[in-house]
Amino acid sequence: MITLKNVSKNYGGLQALSSVSLTIPSGTVYGIIGRSGAGKSTLVKLIGLLENPDAGEIYFDDRRVDNLRGADLLVCRRQFGMIFQHFNLFSSRDVFGNVAYPLEIVGKDKVYIKDRVLGLLELVGLSDKAHSSVNKLSGGQKQRAAMARALAVCPKFLFCDEATSALDPQTTSSILQLIKNIRNKVNLTVVMITHQMNVVSDICDYVSVVDGGKVIESGTVKELVGFPHSKIAKDFVSSLIPSYEKTFKNLLQNSIIFRLYFSNDIVTQPIVSRLIKECQLNVNILSGAVRTVKDQFFGELVLELIGPAQDLKFAVDKLKSQGIVVEKLNV
Amino acid sequence: MFNTLQMLIEPTLETICMTIVSTIFALILGFPVGTLLCVTSAGNLIPNATLNSVLGRVVNVLRSFPFIILMIVIFPLSRLIVGTSIGTAATIVSLSFAATPFIARIIESALKETSSELIQAAKAMGSTNAQIVFKVIIPESCPAIVSGITLMIITIIGYSAMAGAIGGGGLGDLAIRYGYQRFRMDIMIWAVSIIVIMVELVQFLGDKIVDKIMIKRGMR
Ligand SMILES: Nc1ncnc2c1ncn2[C@@H]1O[C@H](COP(=O)(O)OP(=O)(O)O)[C@@H](O)[C@H]1O
Ligand SMILES: [Mg+2]
């Protein structure tokens, strides 16, 4: 368990964090979400014992840690692993050497290190890259290497500062999956710092929304997604773009699904009923939304179309001729 | 011709010896100073404004001395250390001291290239400051250190030639005594050519080593 009591941090007059109180229960994945400049990295520097708060207290379990010095501080830092947006791997070492580093600095012997590092590389799926240069890895592989390094000393806590922000969506979900797998194997409390709501909804149990250096709203992820109170929480929740691949996974295998994009005057037209009447198709609406961006309307429909192949082709051509962008989701 | 070559051998060896030994001494003295300059700078590992600015000033003052003047200033010290103020041994003393502030700055700027994020990551893992310096900052800066040392060796070769003007031994000495004072143009040309070849060779080797490291690190 990590507890923050009225923690504040000031950078030359700029109040990066003001009186933040949080309780991060053991064994959970705790999300901290906020926009750029909200104070998230400052928060992670404080719980990572890299900087001291100006006021307030930080506890790991029941031990106060924000005032540790010297050797106590070093030992305490070895209780957690940390991964970062830009990976922060050592170029001077290969993948093996990077994962070995935290073990070397605590004086583990060579045999133990080799054993442990190879085990970790297997865990993160990088066994074949042990002696690659870290600069030759893809972003996802770099984050896996960083994860292996963070886990080397069997930490109680894993702090992730925008760990998926430099990665594409597929790689992001593979990294999140990896964190889930690891949590099934070892007892680990994970703090996920992010500005991406889909990361929170995918992996976190609890979440705190921070803005302007303050915690605006905290709760379980389900509570926040279901009933966001603050404006900023609502913004984050509405940024959750449905992942069709996931939601319609079964449907995608057995039926034909199209995504339609259209704008402005087409928004006011009866697209679906025309499909039914003029093309004699059965239509199943899976999702639909109209968004406004700078006074322009943008519509989106995800439809399952049921009918003979030639009717489907006729319908798609007809839609396209009206200026609607048609994308088949299952290729 | 044979005579000329024979005359060249000893000064060439002297220049090589002066360069190598002074490089080693200058590194022994300058590397720690450069490291200290780097880690005490603002936002680095152990920021210490006072130490940093005092050290920085001393280095700057020493660096702004023209080499010839510095050599003369160091004569008493040379006499103290090697018992004489002329010849190869005395030149090594002056070269080492002259190159020290230079290498200190080179090492400082090489080490500063290590990103603060990387240092922070190492800190978060519970590294001691010594571990961060020796296992992170120095290895990470290796390519920049090598090209800095290359530059320093070339500068020392140049300085050693200048030392010839005040009886410092080596190829510079030869060029001045024979080429300038006795109008032996051929010897002058030989001496200068050998110096140019040395410089080219050092540059070539330095570049090669940097290349090798960069390729190994997948950065090229
Ligand atoms: N070392 C620092 N010195 C001065 N200001 C800082 C420093 N670190 C962060 N800040 C400021 O504190 C605020 C919060 O920054 P940060 O915690 O990095 O935000 P986030 O990670 O949420 O984007 C920002 O306004 C930033 O400019
Ligand atoms: Mg940040």
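Throughout, protein chains are lettered first and strands after them, A, B, ... in sequence-line order, and every chain is numbered starting at 1.
The number of heavy-atom neighbours closer than 6.0 Å to CZ of B/F102, taken from other residues, nucleotides and ligands shown, is above 12. At most 12 heavy atoms of other shown residues, nucleotides or ligands fall within 6.0 angstrom of atom CZ in B/F65. Taking a 6.0 Å sphere around CZ of B/F25, one finds it holds 12 or fewer heavy atoms contributed by other residues, nucleotides or ligands. Residue A/D109 qualifies as enclosed at atom CG: its count of foreign heavy atoms under 6.0 Å is above 12. Applying the 6.0 Å contact sphere to CG of A/L68 captures more than 12 heavy atoms from other residues, nucleotides or ligands. A 6.0 Å sphere centred on CZ of B/F204 holds no more than 12 heavy atoms belonging to other residues, nucleotides or ligands.
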*For side-chain contact (heavy atoms from CB on, under 4.5 Å), just list the numbers for B/K216 and A/S133, CA-CA rounded to whole Å, side-chain angles, deciding distance to a tenth of an Å, and then say yes or no.*
CA-CA 7 Å; B/K216 185 158 173 256; A/S133 136; over 6 Å; no
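Using a 4.5 Å cut-off between heavy atoms, B/I215 contacts chain A through its backbone alone, with no side-chain atom that close. Of the two parts of A/L89, only the backbone, made up of N, CA, C and O, holds a non-hydrogen atom closer than 4.5 Å to a non-hydrogen atom of chain B. If you measure heavy-atom distances from B/T128 to chain A, the contacts under 4.5 Å come from both the backbone and the side chain. Neither the backbone nor the side chain of A/F159 comes within contact range of chain B; no heavy atoms are under 4.5 Å apart.
The main-chain N or O of A/N88 is never found under 3.5 Å from a side-chain atom of B/E117 such that the two would form a donor-acceptor pair. The backbone N or O of B/R217 sits less than 3.5 Å from a side-chain atom of A/N135, completing a donor-acceptor pair.
Ranked by heavy-atom pairs shorter than 4.5 Å toward chain B, the options A/K136, A/R93, A/R78, A/Q79 are led by A/R78. Per-residue counts of heavy-atom pairs under 4.5 Å with chain B were compared for A/S92, A/S132, A/A146; the largest is that of A/S92. Ranking B/S141, B/S115, B/A124 against chain A, the residue ahead of the rest is B/A124, based on heavy-atom pairs under 4.5 Å.
Rounded to the nearest 0.5 Å, atoms CD1 (B/I119) and CG (A/L50) are 12.0 Å apart. Residue A/F87 holds its CZ atom at 13.0 Å from CG of B/L118, rounded to the nearest 0.5 Å.
Proximity of B/Q131 to A/E104: side-chain heavy atoms (C-beta onward) are nowhere separated by under 4.5 Å.
Listed by chain and number, the residues in a side-chain hydrogen bond (donor to acceptor under 3.5 Å, both in side chains) with A/N10 are A/Q15 (sequence neighbours excluded).
The side-chain contact (heavy atoms from CB on, under 4.5 Å) with B/M125 is formed by just one residue from the set A/M82, A/R77, A/R149; it is A/R149.
Of all non-hydrogen atoms in B/S127 and A/L74, the two that sit nearest each other are O-CD2, 3.4 Å. The two residues A/F84 and B/A121 make their nearest non-hydrogen contact at CE1-CB, 3.6 Å.
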